[in-house]
Structure formats: C-alpha cells, structure tokens
Amino acid sequence: MRLTPHQIKQGILHPKQDVRDACAYYFADAFSPDPGIMPLVIQAIETHGWADAFGMYSFLGNLVQTEQTVRWTIDQLERRHDNEEEASLTPWLLDALNNADPALIQAHKDRIIGLDLVDEAVREAIEERILLHGFTPETLWQELEEFCDHNKNEDYLTDEDIAFAHRLVEAMGGHPSVFNEKTHDLLAQQIDDYSDHPMKWMEPCLVRLAGELRRKETTPLLIKKLHEDDETLNPDCVRSLVKIGGDEVVDAVAEGFREAEWGFRLTASGLFEKIHTDRSVGHALGLLHGEEKLVIRCRLAESALLNFADETIEPARQLVVNTDLDPDVIEVRNALLVASELLGVELPEREQWEEDAKHDVEFRKKWYASLGGADEEDGHWEGDYEDYDEEPILPMDTVVREEPKVGRNAPCPCGSGKKYKKCCMRKQNGVGLFE
C-alpha cells in the first residue's frame with residue numbers, strides 16, 4: 001500500500017535529510033499543483049538551516065508559490081546580498097520566483113527587479129513572462145509561427161531563443177480551448193524532411209505544449225516519439241507525459257515496454273517514479289522481473305521504491321542483496337533506506353548499509369575511474385571521472401551540452417560523487433526543451 005500525499009508531505013519535516021530530499025522531489029518531479037509543499041520546505045529550512053535542510057535545492061523551481069512564499073523568497077534574496085556563505089543558493093531562489101505564477105510575480109515585480117542579485121537577463125525574463133501571459137491566444141500563436149519560421153534554417157538555437165520558446169509555450173498553456181485540437185493535429189503530422197521546415201522547431205514546442213495543456217489525447221503521440229529515441233524530443237516527451245499523468249499514461253508506457261529498444265526502456269522506467277499511482281508501482285515491479293539490463297532493473301526498482309509503497313521493499317532488497325555493488329545498485333540501496341525509513345519497515349541490513357553509504361562518494365569515483373571504456377548500452381559513462389569541470393551547474397533556461405556528453409548514469413560534473421541523474425540533472429525538470 002502506498003503512503004498518502006499527506007503522509008509524504010510530513011516527510012519534508014523528517015529528522016533525516018535524505019528523507020526530506022526524497023519527499024521534496026516526490027512532489028517537485030511530479031509538478032505537483034499542491035501549494036502546501038513550499039510552506040513545509042520553508043519550515044524545514046527554518047528548522048535546520050539552509051546548509052542542512054536539504055542536500056540541494058533544484059526542486060524549488062517546480063513548487064507552487066503563494067503570496068506568502070513569494071514574499072519569503074524575496075526576503076531571503078535581500079538578506080543574501082550580505083551573506084556570502086548562502087550566495088550559492090541565489091540561483092535556486094531566483095528559479096523559484098522566475099517559475100511562479102506571473103500574476104504573483106507582477107504584484108512584486110518592482111521589488112524583485114530592484115534586487116541587487118537580479119541581473120539584466122533575469123529582469124528581462126520576468127518582464128517577458130508577464131508580457132506573454134497578457135497576450136491573446138491569436139497573438140501567441142502568431143509569435144510561435146514567426147519564431148519557428150525565422151529559425152527553420154538553424155540547426156541550433158541560442159539560449160535566449162530557447163528561453164523565449166519556454167515562456168511562449170507556458171503562456172499558450174493557459175488557453176486549452178484554443179490550442180488543444182491544434183496541438184494534437186500538428187503532432188500527428190508526418191514530416192519526411194525537417195530541414196528548412198518550420199516544424200523543426202514547432203514540433204518540440206508542441207511536445208512541451210501538450211504537457212502544459214494536460215492533453216490526454218496526445219499521450220499515444222508522445223509515447224510514439226519517445227520510442228523514436230530522439231534526444232531532441234525525449235526530455236520534453238517525459239516532462240509532458242508526467243504533467244498529463246494518470247493510469248492511462250503509465251499503462252501506455254508499460255505496453256510494449258519489454259520489446260522496446262534499450263533507450264526507451266531506460267527513459268520510460270523513470271516515468272513510473274514521477275507518476276504516482278498504484279499502477280506505476282505495479283508496472284515497475286512487474287517489468288523488473290525478466291529485464292536483462294541491470295541499469296534498467298535498478299531504475300525500475302528505484303522508481304517503485306520512490307512511490308513509497310510497502311510492497312516495493314522486498315523486491316528491491318533482493319536486488320541489492322543479490323547483486324554486486326555498482327553505482328546503479330547504490331541508488332537502489334539508498335532509495336531503499338529512504339523508503340523503508342518513511343514506511344516504518346525494518347531492514348536487517350540497515351546498520352551496515354548506512355555505514356557503507358558514508359563511503360559512496362569514494363566508491364563511485366574509484367568505480368568510474370577504473371571503468372575505462374564501456375559499452376554505451378550498459379548505461380555507463382566512457383572516460384575518466386577527473387575529466388569533468390568541478391564548477392557547480394546552476395539552474396538555467398536551457399541545458400547546454402558540452403562535449404563529452406554527460407550520461408544520466410555518469411558521475412555528476414559538479415564533483416559531488418553522485419550520479420548526474422541524482423544530482424545536477426535534477427535541474428532539468430521543467431527544462432528539457434531542445435536539449
């Protein structure tokens with residue numbers, strides 16, 4: 001049986017940081033509309049302090065803000081001007097404001113753009129979001145058509161262009177009666193040649209828009225595109241499927257899962273974590289048995305566990321107990337520790353596993369350093385851990401890839417020792433467009 005949302009919300013105030021983290025991301029990764037999450041996050045921060053309340057704060061941009069939480073966030077930014085120790089948290093706080101309801105932001109616009117920590121790019125982004133949300137549906141569509149036509153000959157878009165597309169699609173999401181049918185019909189089109197065609201950039205915009213509209217009828221179209229394993233569309237396919245949510249989506253993802261290509265199975269397995277239904281748990285556990293790839297078995301087990309259902313504990317425990325340790329198994333073990341803690345389930349190995357977890361960073365670094373070249377389909381990264389720049393990755397309007405490409409199972413470039421998918425990749429929730 002799964003814990004209720006109310007029970008999981010209380011986990012945001014749990015004494016252990018890893019439990020607080022998991023519960024905060026439970027709601028943020030699912031784009032929860034619950035305005036009661038941010039006040040609990042604030043309570044945890046005020047209880048434990050910024051340094052200890054959560055391991056990282058990339059979830060802030062996905063939480064619903066209220067009048068009170070916006071005021072609190074602005075207050076935090078004002079005091080950060082004289083607090084160098086907490087200055088690194090500034091981008092996450094700005095991300096929370098920049099993703100809040102434009103009506104709320106408009107009410108506090110002067111105070112926000114007057115902050116010393118707000119640069120010109122952030123000011124322009126805030127002002128543009130407010131402006132676009134005041135446009136008529138007809139004007140928004142015209143802007144989208146002109147944007148896609150103007151860039152049809154471009155193989156890549158600038159960060160500024162992608163940020164504009166994000167904000168434009170967000171504003172369009174407020175007009176479902178106008179854009180529902182049009183979005184579905186255009187996504188269903190088959191385009192033989194995208195070169196010099198406006199659909200080159202219209203398609204990823206519409207994929208993202210389907211999620212903003214919560215358009216259930218687009219689910220088969222999004223899953224079809226996910227099967228095509230196009231890295232341009234995949235992040236926004238996942239984002240939109242999570243936003244649409246529900247049993248229809250998880251059933252459609254599970255259908256044909258076993259016969260699908262490795263890339264689809266790896267990507268789709270994470271959907272079961274973010275769409276919180278009993279069927280998500282059932283499909284994740286069912287598909288776990290018979291899956292050949294260890295990395296996918298681990299991802300399915302982790303997804304099941306982070307739905308916080310007691311029936312997920314023993315299958316995940318058996319996987320950890322009977323499998324040689326590697327970074328994927330570590331993720332399952334740590335999710336198992338968190339889930340069992342919140343569910344109140346005793347683990348015979350808890351004491352030993354908690355001790356082992358203290359050495360995870362060292363283990364991961366040594367494991368990746370010794371890996372050398374690996375088969376891409378094993379889900380592991382090729383290269384040396386030390387090849388990565390250790391500068392922290394901050395929230396951005398888009399994700400810009402540097403070579404070599406960072407795989408989701410690779411060590412995070414920030415040097416945390418965690419996997420990229422469990423660290424800085426978190427910032428991609430709600431980003432993804434044209435990645």
Side-chain angles (χ1 to χ4, degrees), residues 1-9 11 22-23 25-32 34 211 214 216 218-220 222-224 226-227 237-323 328-329 331-347 379 421:
M1 180 178 295
R2 288 189 305 123
L3 294 181
T4 66
H6 176 74
Q7 290 171 314
I8 299 170
K9 283 169 67 173
C23 292
Y25 281 109
Y26 175 92
F27 294 101
D29 287 352
F31 303 101
S32 171
D34 187 346
R214 269 67 171 185
K216 290 185 178 181
T218 57
T219 296
L222 296 174
I223 291 178
K224 181 176 182 293
L226 200 59
H227 272 287
C237 283
V238 170
R239 178 184 188 275
S240 289
L241 288 168
V242 172
K243 282 207 158 193
I244 295 168
D247 286 337
E248 291 181 20
V249 171
V250 295
D251 287 348
V253 170
E255 184 178 359
F257 183 98
R258 293 191 186 279
E259 296 76 30
E261 294 293 329
W262 177 88
F264 174 86
R265 301 201 315 278
L266 183 61
T267 300
S269 59
L271 282 163
F272 299 124
E273 174 187 340
K274 298 176 181 179
I275 300 177
H276 304 138
T277 74
D278 291 340
R279 297 265 264 282
S280 287
V281 174
H283 284 310
L285 291 178
L287 293 168
L288 173 61
H289 300 291
E291 172 58 53
E292 295 181 357
K293 293 289 186 182
L294 175 60
V295 63
I296 299 176
R297 291 206 309 275
C298 289
R299 191 67 191 95
L300 288 166
E302 189 181 359
S303 290
L305 284 166
L306 294 176
N307 271 276
F308 301 111
D310 50 17
E311 63 266 31
T312 67
I313 299 296
E314 190 55 27
R317 176 178 170 272
Q318 289 299 320
L319 188 156
V320 175
V321 169
N322 295 305
T323 308
D328 294 308
V329 178
E331 300 295 347
V332 179
R333 185 202 65 196
N334 291 347
L336 187 52
L337 288 169
V338 168
S340 62
E341 178 79 31
L342 200 60
L343 288 160
V345 176
E346 289 298 324
L347 292 174
K421 68 182 180 183

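All of these numbers come straight from a predicted model, not from anything done at the bench. Along the sequence shown, the residues carry numbers beginning at 1.
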[X] [atom1] to [Y] [atom2] distance, which is reported to the nearest 0.5 Å:
{"X": "Glu248", "Y": "Thr277", "atom1": "CD", "atom2": "OG1", "answer": "11.5 Å"}
{"X": "Ile244", "Y": "Arg239", "atom1": "CD1", "atom2": "CZ", "answer": "11.0 Å"}
{"X": "Ile8", "Y": "Leu343", "atom1": "CD1", "atom2": "CG", "answer": "8.5 Å"}
{"X": "Arg317", "Y": "Asn322", "atom1": "CZ", "atom2": "CG", "answer": "8.5 Å"}
{"X": "Leu305", "Y": "Glu311", "atom1": "CG", "atom2": "CD", "answer": "10.5 Å"}
{"X": "Leu294", "Y": "Thr323", "atom1": "CG", "atom2": "OG1", "answer": "6.0 Å"}

Mind listing the closest non-hydrogen atom pair of [X] and [Y] along with its distance?
{"X": "Ala301", "Y": "Ala316", "result": "CB-CB, 4.5 Å"}
{"X": "Tyr26", "Y": "Asn307", "result": "CE1-CA, 4.3 Å"}
{"X": "His227", "Y": "Ala260", "result": "CE1-CB, 3.6 Å"}
{"X": "Ala30", "Y": "His276", "result": "CB-CE1, 3.5 Å"}
{"X": "Thr312", "Y": "Pro315", "result": "O-CD, 3.5 Å"}
{"X": "Glu291", "Y": "Lys293", "result": "OE2-N, 3.0 Å"}

Whether [X] side chain and [Y] backbone form a donor-acceptor pair below 3.5 Å:
{"X": "Ser269", "Y": "Arg265", "result": "yes"}
{"X": "Glu331", "Y": "Glu302", "result": "no"}
{"X": "Ser32", "Y": "Phe27", "result": "no"}
{"X": "Thr267", "Y": "Phe264", "result": "no"}
{"X": "Arg297", "Y": "Glu292", "result": "yes"}
{"X": "Ser280", "Y": "Ile275", "result": "yes"}
{"X": "Ser240", "Y": "Cys237", "result": "no"}
{"X": "Glu261", "Y": "Gly263", "result": "no"}

Taking only Lys NZ, Arg NE, NH1 and NH2, and the carboxylate oxygens of Asp or Glu, determine whether [X] and [Y] approach each other closer than 4.0 Å.
{"X": "Asp310", "Y": "Arg2", "answer": "no"}
{"X": "Glu273", "Y": "Arg299", "answer": "yes"}
{"X": "Arg279", "Y": "Asp247", "answer": "yes"}

Taking side chain as C-beta onward, heavy atoms only, is [X] less than 4.5 Å from [Y]?
{"X": "Val253", "Y": "Leu226", "answer": "no"}
{"X": "Val242", "Y": "Asp29", "answer": "no"}
{"X": "Val249", "Y": "Leu271", "answer": "no"}
{"X": "Asp251", "Y": "His283", "answer": "yes"}
{"X": "Tyr25", "Y": "Leu306", "answer": "no"}
{"X": "Val338", "Y": "Phe308", "answer": "yes"}
{"X": "Pro5", "Y": "Asp34", "answer": "no"}

Item to check | ring-ring contact (aromatic ring centres under 6.0 Å, His included) partners for Phe257, two or more places apart | outcome: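 Phe257: no ring-ring contact (aromatic ring centres under 6.0 Å, His included) contacts found.
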Next on the checklist: With a sphere of 6.0 Å drawn around NE2 of His289, does it hold more than 12 non-hydrogen atoms of other residues, nucleotides or ligands?
Outcome noted: yes
Checklist entry - Taking it one step at a time, do Thr219 and Leu241 satisfy side-chain contact (heavy atoms from CB on, under 4.5 Å)? => result CA-CA 7 Å; Thr219 296; Leu241 288 168; 4.0 Å; yes
